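This report concerns only the one structure given below.
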Number of protein chains: 2
Amino acid sequence: MGHSQAEKAKTHKRIVQIASKRFREDGLAGVGVAEVMKEAGLTVGGFYKHFDSRDDLMAEALSVALGRLKRQMDAAASGGPPLTYSTVVDDYLSEGHRDKPGVGCPISALAGEIARSDKRTRSLATEGIRSDIQVITGLITALIRGKDKAARAKAILTFSALVGAVELARVVSDEELSREILKTVDGLLKDMVADR
Amino acid sequence: MGHSQAEKAKTHKRIVQIASKRFREDGLAGVGVAEVMKEAGLTVGGFYKHFDSRDDLMAEALSVALGRLKRQMDAAASGGPPLTYSTVVDDYLSEGHRDKPGVGCPISALAGEIARSDKRTRSLATEGIRSDIQVITGLITALIRGKDKAARAKAILTFSALVGAVELARVVSDEELSREILKTVDGLLKDMVADR
DNA sequence: ATTATCTATAGATCTATAGATAATGC
DNA sequence: ATTATCTATAGATCTATAGATAATGC
């Protein structure tokens with residue numbers, strides 16, 4: 001007990017990371033403070049020296065989960081693996097993403113609950129969505145030169161379809177239909193941005 | 001107290017209707033048994049003579065909410081207001097639907113939570129989704145004669161985009177962006193099925 | 001001296017059950 | 001006699017707090 005400040009900062013990050021994963025897996029209402037602390041190797045009592053409330057943990061956990069696409073984009077810009085419309089869409093609609101919500105997009109995992117959350121949570125998610133739309137718009141513009149307005153519209157349809165398709169694929173208990181949804185949306189979205 | 005069997009059946013239906021609305025508004029985890037009973041003008045104690053468990057109420061409440069599109073379709077077939085691809089899409093992407101989840105599509109309201117629910121709940125939702133896709137496929141086929149396979153693919157993209165767009169529009173706290181999402185997806189989906 | 005974490009618990013809330021009450025229906 | 005509903009409550013769970021303990025850091 002009573003470790004250093006440096007260790008506290010690490011502990012704080014660890015709690016947020018675990019919460020971020022667990023919220024995406026089990027929903028904002030599905031994980032308790034005690035459970036998150038236990039998974040971090042700690043006990044409930046210490047929690048409130050890190051966060052004023054459970055809501056604060058939710059906000060922080062959501063923050064670190066959002067903007068993953070933006071970070072990948074920035075990474076690609078500075079020499080990381082290249083990001084294209086195709087790779088983003090393939091990734092989002094992969095069975096891997098469907099089956100691992102804990103490390104996936106927080107919007108497809110939590111949209112329904114976020115819509116019912118307080119203003120701060122919704123504002124965070126709003127900026128995340130705005131950013132994702134901008135990134136996708138950029139990826140489309142890279143393919144279709146000149147038509148900027150159409151690019152943004154297509155980006156909005158793309159993101160809506162991605163989120164909806166993954167949510168449907170996660171609900172559907174018939175594996176064949178679930179795969180059909182992912183495959184079909186993947187194909188049609190790529191057709192849409194293909195030169196024509 | 002101690003009313004007739006006929007009245008019990010009515011009471012049962014009323015409980016389910018209220019639960020169906022409240023679950024869509026506040027989430028599967030957001031409403032308690034006591035609250036639903038109170039809204040029905042009853043007390044908690046009587047609940048378990050109607051349902052074996054809260055889960056049973058969830059399943060029944062989801063059942064009555066699902067298949068609304070199918071019922072509208074059947075109604076249209078027997079002389080009701082005509083149902084077209086345009087009307088369905090316009091309706092789904094309306095601000096009215098966005099702002100009244102309690103009387104809207106249970107998939108866009110609850111997909112995230114249903115994906116984390118038990119097998120029975122997911123099976124119910126799966127059949128609801130299958131039915132919605134079939135109805136939309138039919139509406140597209142009515143416009144584009146002959147190309148059946150393309151119709152089903154477009155129906156799957158349509159339903160994914162509808163669900164995703166409404167969820168995003170509900171999350172987004174910036175009214176302008178929220179409306180942009182609804183309008184944009186509405187326009188592009190109708191373009192997609194327009195003769196070309 | 002300060003503080004990061006622990007144990008213990010208060011207080012709220014929620015599902016489900018037990019037993020009482022007042023109607024229905026044979 | 002049966003049963004639909006009521007009041008009351010047991011038992012579980014969850015957030016948040018109080019006070020103790022054992023480290024850090026001046």
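Lettering follows sequence order; numbering is per chain, from 1. Please read these numbers as outputs of a predicted model, since none were measured by experiment.
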B:Q5 or B:E35: which one's nearest nucleotide on DNA chain C is closer to the 5' end?
B:E35
Indicate yes or no: at least one non-hydrogen side-chain atom of B:V166 is less than 4.5 angstrom from one of B:V185.
no
Look at the aromatic rings of A:Y92 and A:H97 and report parallel, tilted or perpendicular, splitting at 30° and 60°.
perpendicular
Taking only N and O in the side chain of A:S4, is any of them less than 4.0 Å away from OP1 or OP2 of D:dA23?
no
Around A:Q5, counting heavy atoms of other residues, nucleotides and ligands shown, do more than 12 lie under 6.0 Å from its CD?
no
Among residues 36-57 of chain A, which ones have heavy-atom contacts with DNA chain C below 4.0 Å?
A:G41, A:L42, A:T43, A:G45, A:G46, A:K49, A:H50
Tell me if the NZ atom of A:K190 is crowded by more than 12 foreign heavy atoms within 6.0 Å.
yes
What is the distance, rounded to the nearest whole Å, between atom CD of B:E7 and atom P of D:dT5?
8 Å
Can you tell me if NZ on B:K10 sees more than 12 non-hydrogen neighbours from other groups inside 6.0 Å?
no
Base-pairing mate for D:dT24 - Watson-Crick or G-U, with both contacts under 3.5 Å
C:dA1
Any side-chain heavy-atom pair of A:F23 and A:E113 under 4.5 Å
no
Any non-hydrogen side-chain atom of B:K21 less than 4.5 Å from a side-chain atom of B:E25?
yes
Of all residues at least two apart in sequence or in a different chain, which pass the side chain to side chain donor-acceptor pair (under 3.5 Å) check with A:S94?
none
When you measure from every atom of DNA chain D, which of residues 23-33 of chain B have a heavy atom less than 4.0 Å away?
none
Separation of C:dT15 atom C1' from B:M58 atom CE, nearest Å, is 14 Å
Please give the nucleotide sitting opposite C:dT13 as a Watson-Crick or G-U wobble pair, both distances under 3.5 Å, or none.
D:dA12
